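In what follows, a structure is listed as structure tokens, so that the remarks can point back to it.
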Amino acid sequence: VQLQASGGGLVQTGGSLRLSCTASGRTFSNYAIAWFRETPGKEREFVAAISWSGGNADYLESVKGRYTISRDNNRNTVFLQMNSLRPEETAVYFCGATYGLGHRDEALYDYWGQGTLVTVSS
């Protein structure tokens, strides 16, 4: 599976962005997709995951109620709608794919996109 993350950019505190993770290659609908984020000096952090069917989603506690992960298997794309963004959420956001169910552990993901930079200005 090849993943392409996009949608990052510069936004003010309280603003919104929608990230996209588009896949090609193997059957996309067999894979759970997750978003992680990374800032310099910190480990990659789990943000959200969605199951292969879209029926189950998991979120980092601090983003619940503000972020929504969804998928369109017909378009081989997973979306991450991010609202009420905060400066501390400035990071490079990566999407990862794993066969079957999603996980919070990045080590369980087999495929990764290149990352997209989200900058939230204060």
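Computed from heavy atoms alone, side chains included, the values below leave out hydrogens, waters and symmetry copies. Note that this is a predicted model, so its numbers are computed, not measured.
The side-chain contact (heavy atoms from CB on, under 4.5 Å) search around V92 returns F94, L117, not counting sequence neighbours. Applying the side-chain contact (heavy atoms from CB on, under 4.5 Å) test to S6 and every residue at least two apart in sequence or in another chain returns S20. Residues passing the side chain to side chain donor-acceptor pair (under 3.5 Å) test with E43: none are found, sequence neighbours excluded. Under the side chain to side chain donor-acceptor pair (under 3.5 Å) criterion, Q4 pairs with no residue at all, not counting sequence neighbours. Listed by chain and number, the residues in a side chain to side chain donor-acceptor pair (under 3.5 Å) with R75 amount to none (sequence neighbours excluded). Every residue was checked against the side chain to side chain donor-acceptor pair (under 3.5 Å) condition with T90, not counting sequence neighbours, and none meets it.
Note on residues 7-16: pairs passing side-chain hydrogen bond (donor to acceptor under 3.5 Å, both in side chains), not counting sequence neighbours, are S16-N83. Residue pairs meeting the disulfide (SG to SG under 2.5 Å) criterion with at least one partner in residues 21-59, sequence neighbours excluded, are C21-C95. The list of salt bridge (Lys or Arg N to Asp or Glu O under 4.0 Å) pairs with a residue in residues 45-57, not counting sequence neighbours, reads R37-E45. A side-chain hydrogen bond (donor to acceptor under 3.5 Å, both in side chains) check over residues 95-104, counting only residues at least two apart or in different chains, returns the pairs D58-R104. Screening residues 111-122 for side-chain hydrogen bond (donor to acceptor under 3.5 Å, both in side chains) gives no qualifying pairs among residues at least two apart or on separate chains. Listed by first and then second residue, the ring-ring contact (aromatic ring centres under 6.0 Å, His included) pairs involving residues 44-86 are F36-F46 (not counting sequence neighbours).
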